[in-house]
Number of protein chains: 2
Amino acid sequence: MTDDTTTAVRAFNQSWSSRVGVLEESFLGTGRSLGASRLLFEIGREPGGAGVRELRGGLGLDSGYLSRLLRGLEREGLLEVHPDPADRRRRVATLTDRGARARAELDQRSEELAQHLVEGLSPGQRRRLGEALATAERLLRVGSVRLESIPPDAPEAVTAVRRYFAELDARFPGGFDPSDAATADVAGMAPPRGSFLVARAGETVVACGGVQPHDATTGEIKRMWVDPDWRGLGLGGRVLAELEAEVARLGYATVYLDTNGTLSEAIAMYDRAGYRPIERYNDNPYAQHWFAKSLA
Amino acid sequence: MTDDTTTAVRAFNQSWSSRVGVLEESFLGTGRSLGASRLLFEIGREPGGAGVRELRGGLGLDSGYLSRLLRGLEREGLLEVHPDPADRRRRVATLTDRGARARAELDQRSEELAQHLVEGLSPGQRRRLGEALATAERLLRVGSVRLESIPPDAPEAVTAVRRYFAELDARFPGGFDPSDAATADVAGMAPPRGSFLVARAGETVVACGGVQPHDATTGEIKRMWVDPDWRGLGLGGRVLAELEAEVARLGYATVYLDTNGTLSEAIAMYDRAGYRPIERYNDNPYAQHWFAKSLA
DNA sequence: GTCATCCTCTGACTCTAGTCAGATAAAACG
DNA sequence: CGTTTTATCTGACTAGAGTCAGAGGATGAC
């Protein structure tokens with residue numbers, strides 16, 4: 001099984017890199033090095049320009065090397081580097097008009113080369129190729145996600161929960177008001193009787209979920225959320241399974257959770273995972289369904 | 001449509017290269033450069049070693065550069081280069097035992113890294129990824145194939161036809177004896193009344209087919225062949241369609257072709273393409289089916 | 001106000017990858 | 001047999017990509 005997959009991965013990689021190698025060579029056809037092109041592309045990603053420090057992190061470059069690349073593009077008149085008014089040690093690079101045009105040209109070239117890659121395929125074959133690549137990409141992305149337990153009051157945890165609340169507010173017909181919930185529950189999800197997990201893709205948090213005590217033998221799962229761009233890849237199931245393991249590790253025998261009727265995907269997932277409806281066990285005004293699962 | 005595909009291609013490429021970039025870096029982890037690793041891998045592909053000339057073609061390297069890489073690996077004791085007894089200008093590189101071990105280690109590392117790429121995926125997800133990549137690879141390969149008309153006595157045409165005959169010999173229960181056919185027909189497939197096409201993937205010929213005159217208004221398609229590694233991708237259909245276009249360009253109104261009952265895929269394809277069975281129109285001892293199609 | 005730290009830049013390197021112009025020896029051609 | 005062609009090798013280069021050790025200004029902590 002695994003062998004089959006790795007064989008396919010390796011065969012594909014050889015094919016892809018030989019073809020895309022040509023593609024990237026033509027990137028160089030602009031008379032600019034690949035490094036400079038990548039940089040130009042990255043700086044133009046956001047209209048306000050990019051901090052040198054962020055560029056270094058994002059592209060993984062040495063500070064000296066990056067500085068040299070910036071000087072080169074500056075000499076070409078493609079960008080300007082100014083000190084950041086808020087902290088004059090930092091510097092911010094912004095594209096000039098010429099730089100923006102050069103970037104658009106790069107983008108155009110990249111588009112052409114992708115097109116070159118599919119030329120000679122029938123429309124049906126193109127569609128199949130697009131689907132296959134999209135599927136592969138989603139699977140690759142999810143394969144690199146790692147689950148990690150962090151304190152519920154860590155900045156990343158707070159950000160994730162905030163995004164979760166924002167989504168509830170958008171989806172619930174009457175909106176959602178976090179009010180006290182935002183801060184009141186945090187303490188409950190800290191060890192030794194609670195836990196908070198995040199799923200990371202690289203450094204970005206793409207899913208989260210927490211456990212808090214309900215009573216001596218029951219833990220409650222709360223704040224389960226998956227970034228909309230990362231849904232449909234089984235990530236929710238992974239987080240749920242890991243939270244259940246966490247509940248067991250914390251010494252509870254049963255898991256409770258509640259949810260709103262609007263979140264139908266969630267309800268379906270809980271059902272698949274073996275959760276069964278029970279009576280209302282709390283006074284959460286947004287909850288319409290209450291579930292339990294025994295971990296025996 | 002096309003836009004969708006190129007978007008998927010570009011998104012995928014970014015994802016893939018960021019992930020595989022890490023993969024290839026670890027290739028370098030052996031203390032050998034990527035170029036040297038590729039070379040080592042290529043030489044070890046066939047047990048008898050590889051001709052320097054073939055390596056140059058296969059890897060697309062400059063002769064000076066390749067020579068230097070070979071010297072480096074030789075110094076490391078991983079390979080030996082000896083003159084080819086048949087032509088002492090040429091040289092043949094063979095791996096030493098140490099070289100073979102180093103290559104096995106590379107292979108192992110590549111396998112591990114492919115595995116690393118799929119770790120964290122469930123068995124079902126792995127299967128889906130493998131399938132998606134295999135599909136994509138086949139489509140990419142076929143997308144890069146170009147059809148080209150060449151003289152039927154060009155070395156590449158002769159080689160392709162020879163491989164076709166070899167396959168017939170293997171597949172026909174009583175074998176196949178090209179005898180006179182090999183040379184006699186060549187003249188007929190030359191312009192202005194005939195034509196010979198090859199399909200190239202890079203420099204390699206992966207399919208071929210010819211047209212020769214049958215009578216004033218009828219052309220005959222012969223020697224249609226697709227490399228076994230390249231079947232099932234619609235290449236046969238493309239060659240056939242192009243041959244029909246060629247027949248029309250040469251001024252014929254009808255196409256004839258014959259085939260052996262063993263070649264069931266071919267018969268199915270002719271049927272799909274609109275060919276209808278007719279009476280025996282020649283004395284080809286290997287033919288059991290005769291088809292015609294009007295190009296009106 | 002001083003000192004440590006942070007951020008960026010410059011200069012001096014290295015390594016890989018690759019090109020180009022001959023030199024040399026063997027084979028093929030006439 | 002001499003000439004041309006082919007196959008490989010050596011030497012001299014170049015460009016890209018990146019590392020490393022400071023220099024120097026700006027900021028933050030005390």
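The analysis underlying the following values was restricted to heavy atoms, covering all of them including side chains, and did not include hydrogens, waters or symmetry mates. First the proteins, then the strands, lettered A, B, ... as listed; each starts at 1. All values derive from a computational prediction rather than experimental measurement.
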Practice problem: Mind checking B:D62 for me? I need base, sugar-phosphate or nothing, with any heavy atom below 4.0 Å counting as a touch. | Solution: base
Quiz item: So what does A:R71 hit on the nucleic acid, given a heavy-atom distance under 4.0 Å: a base, only sugar-phosphate, or nothing?
Solution: sugar-phosphate
Using whole Å, report how far [atom1] of [X] lies from [atom2] of [N].
X     : N      : atom1 : atom2 : answer
A:L69 : C:dT10 : CG    : C1'   : 14 Å
B:L39 : C:dT16 : CG    : P     : 15 Å
B:E74 : D:dT8  : CD    : P     : 14 Å
B:L61 : C:dT16 : CG    : C1'   : 13 Å
B:D84 : C:dA25 : CG    : C1'   : 15 Å
A:H82 : D:dA26 : NE2   : P     : 16 Å
B:L59 : D:dT8  : CG    : P     : 13 Å
B:R56 : D:dC9  : CZ    : C1'   : 11 Å

Closest approach to the side chain of [X], judged atom by atom: which nucleotide of [options] is it?
X     : options               : value
A:V81 : C:dC9, D:dC9, C:dT19  : C:dC9
B:Y65 : D:dT19, D:dC9, C:dA17 : C:dA17
B:R53 : D:dA7, C:dC9, D:dC9   : D:dA7
B:S33 : C:dT8, C:dT16, D:dC9  : C:dT16
B:R89 : D:dT6, C:dG18, C:dT5  : D:dT6

Exercise. Let me know, please, whether A:R90 or A:R68 comes out on the 5' side of the other along DNA chain C by nearest nucleotide.
Key: A:R90
Under a 3.5 Å cutoff, is there a donor and acceptor pairing between the side chains of [X] and [Y]?
X      : Y      : value
B:E111 : A:T6   : yes
B:R19  : B:S15  : yes
B:E137 : A:W16  : no
B:E112 : B:Q108 : yes

Self-check item: Candidates B:R163, B:R141, B:R200 - the one meeting salt bridge (Lys or Arg N to Asp or Glu O under 4.0 Å) with B:D227
Solution: B:R163
Quiz item: Does B:R91 place a side-chain N or O at less than 4.0 Å from the phosphate oxygens OP1/OP2 of C:dA25?
Solution: no
Quiz item: In terms of the nearest nucleotide of DNA chain D, which residue is placed more toward the 5' end: A:G60 or A:A86?
Solution: A:G60
